[in-house]
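In what follows, every chain begins at residue 1, and chains take the letters A, B, ... in the order their sequences are listed.
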Number of protein chains: 2
Amino acid sequence: MDETPQRLVAKPSWLITQLAVHARRLVNDGFTAAGARGYHYRILAALHEFGPTSQARLGRRCRVDRSDIVAAVNELAEAGFVDRAPDPEHGRRNRVTLTPNGLHQLRHMDTLLDQAQDALLSPLSTNDRQTLIHLLTRVLAHHEPQ
Amino acid sequence: MDETPQRLVAKPSWLITQLAVHARRLVNDGFTAAGARGYHYRILAALHEFGPTSQARLGRRCRVDRSDIVAAVNELAEAGFVDRAPDPEHGRRNRVTLTPNGLHQLRHMDTLLDQAQDALLSPLSTNDRQTLIHLLTRVLAHHEPQ
DNA sequence: CCTCTATGTTGGTGAGACCAACACTAACCC
DNA sequence: GGGTTAGTGTTGGTCTCACCAACATAGAGG
């Protein structure tokens with residue numbers, strides 16, 4: 001009952017954006033349990049993988065606007081997950097560093113995130129998941145500025 | 001340069017939500033050219049496909065909260081795309097109807113939307129598009145309350 | 001030296017999804 | 001029939017995410 005219009009269901013953009021709603025809900029349910037949100041995970045992940053950097057670079061890596069990085073780093077710094085200090089060899093730049101507590105939080109969020117991935121793709125076989133990931137990666141790569 | 005963390009790229013939820021960003025951008029660029037937004041299209045499409053209904057039912061069909069339907073129907077009614085009148089056989093309910101102008105706007109948005117779909121999936125062959133749509137439909141169906 | 005670019009920061013906007021509360025109506029049940 | 005329950009429209013919020021304009025300031029390049 002209360003069927004959704006064929007005009008919507010047939011559009012790839014509908015499928016993707018609606019599925020993104022469910023994905024975000026699953027992920028955020030986990031993250032809020034850890035007192036965090038998406039931007040936090042992106043930043044912690046980038047710091048762990050590439051080491052300390054400036055906020056601007058962080059934003060470019062995580063696809064987050066530099067003005068939004070400010071707020072997110074504020075929150076992470078206040079929680080002790082990140083350390084923000086002026087870059088010694090550059091007056092204007094900040095140097096954001098992952099703290100041990102931040103690494104711990106990152107690992108915690110990782111397990112929460114893995115559960116969400118599983119819940120998200122539960123109806124698909126391992127093979128189907130692979131093909132879906134492959135196709136999505138191709139399409140996304142095409143739209144990333146690179 | 002400025003690579004994105006592997007932790008993100010490997011997550012299906014990242015692929016889906018990031019692709020949804022691009023999808024929304026493509027779609028909205030078209031819609032704003034028509035002075036509209038996503039909610040408007042959903043409502044017009046539902047009215048065209050299922051005929052006049054109440055706002056609550058409209059919301060259930062389009063996956064839009066009933067409080068958000070109020071604002072969207074306000075905008076559509078002010079533009080003359082939709083007619084809102086109290087349901088004669090139900091004191092509380094409203095009866096929302098698609099006007100001729102609304103149908104015209106729907107058709108206009110349809111062509112804009114088709115262009116966006118094409119731009120979105122441009123890197124994929126017809127076959128790959130089919131598979132992607134099929135997989136997305138399956139996953140989405142699993143998460144819809146039905 | 002002067003211009004151009006990059007950086008951090010503040011303060012907005014907008015879409016979309018969602019929630020709580022209220023007034024009121026309809027439908028249901030005893 | 002009367003009281004309870006469920007549904008409807010509406011107001012007024014919240015949150016996340018994405019994005020933009022402006023500004024002060026620092027570094028890099030000519």
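- Summarising the geometry, the separation between CZ on A:R66 and P on D:dA26 is reported as 16 Å, rounded to the nearest angstrom.
- Which of D:dT8, D:dA18, D:dG27 sits closest to the side chain of A:R42 comes down to D:dA18.
- Counting non-hydrogen atoms under 4.0 angstrom, B:R93 reaches the backbone sugars and phosphates but no base.
- Atom CZ in B:R24 sits roughly 20 Å away from atom P in C:dT13 (whole-Å rounding).
- Nearest-nucleotide assignment on DNA chain C puts the 5′-proximal partner with A:S67, out of B:R37 and A:S67.
- In this structure, B:R60 reaches the D:dT8 phosphate: one of its side-chain N or O atoms is under 4.0 Å from OP1 or OP2.
- Using modelled atom types, no side-chain atom of B:R95 and backbone atom of B:P88 make a donor-acceptor pair closer than 3.5 Å.
- Within the 4.0 angstrom heavy-atom criterion, only backbone atoms of the sugar-phosphate kind lie near B:S54; the bases stay farther away.
- For the pair A:R25 and A:H90, nearest-nucleotide mapping onto DNA chain C gives the more 5' position to A:H90.
- Rounded to an integer number of Å, the gap from CD1 of B:I16 to C1' of D:dC17 is 17 Å.
- Atom CG of B:D65 and atom C1' of D:dG9 are 12 Å apart (whole Å).
- Remark: side-chain polar atoms of A:T99 are paired, donor with acceptor, to backbone N or O of A:G80 under 3.5 angstrom.
- An OP1 or OP2 oxygen of C:dT9 is reached within less than 4.0 angstrom by a side-chain nitrogen or oxygen of A:N94.
- Taking only side-chain nitrogens and oxygens, B:N74 never comes nearer than 4.0 Å to OP1 or OP2 of D:dT10.
- Following rounding to the nearest Å, A:D68 (CG) and C:dG12 (C1') show an atom-to-atom distance of 12 Å.
- Checked by distance alone, B:R92 brings no side-chain donor or acceptor within 3.5 Å of a matching partner on the base of C:dT25.
- More than 12 heavy atoms of other residues, nucleotides or ligands sit less than 6.0 Å from atom CZ of B:R37.
- A close approach under 4.0 Å does occur between a side-chain nitrogen or oxygen of A:Q55 and OP1 or OP2 of C:dT9.
- We find that CG of B:D2 is positioned 14 Å from C1' of C:dT7, with the value rounded to whole Å.
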Salt bridge (Lys or Arg N to Asp or Glu O under 4.0 Å) between B:R129 and B:D118, worked out: CA-CA 10 Å; B:R129 296 185 191 198; B:D118 226 60; 3.5 Å; yes

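- By the ring pair (Phe, Tyr, Trp, His ring centres under 6.0 Å) test, B:Y41 pairs with B:F31, sequence neighbours left out.
- Dashed line: the shortest gap from a side-chain N or O of A:R84 to OP1 or OP2 of C:dT7 is not under 4.0 Å.
- Of all nucleotides listed (D:dC17, C:dA17, C:dA15), C:dA17 comes nearest to the side chain of A:Q18.
- Counting to the nearest Å, the P atom of D:dA28 and the CG atom of A:D87 are 11 Å from each other.
- Comparing C:dA20, C:dA17, D:dA18 by their closest approach to the side chain of A:V21 singles out C:dA17.
- Between the CZ atom of A:R95 and the C1' atom of D:dA26 there is a distance of 18 Å, rounded to whole Å.
- Among B:R138, B:R63, B:R60, B:R61, the single residue meeting the salt bridge (Lys or Arg N to Asp or Glu O under 4.0 Å) criterion with B:E144 is B:R63.
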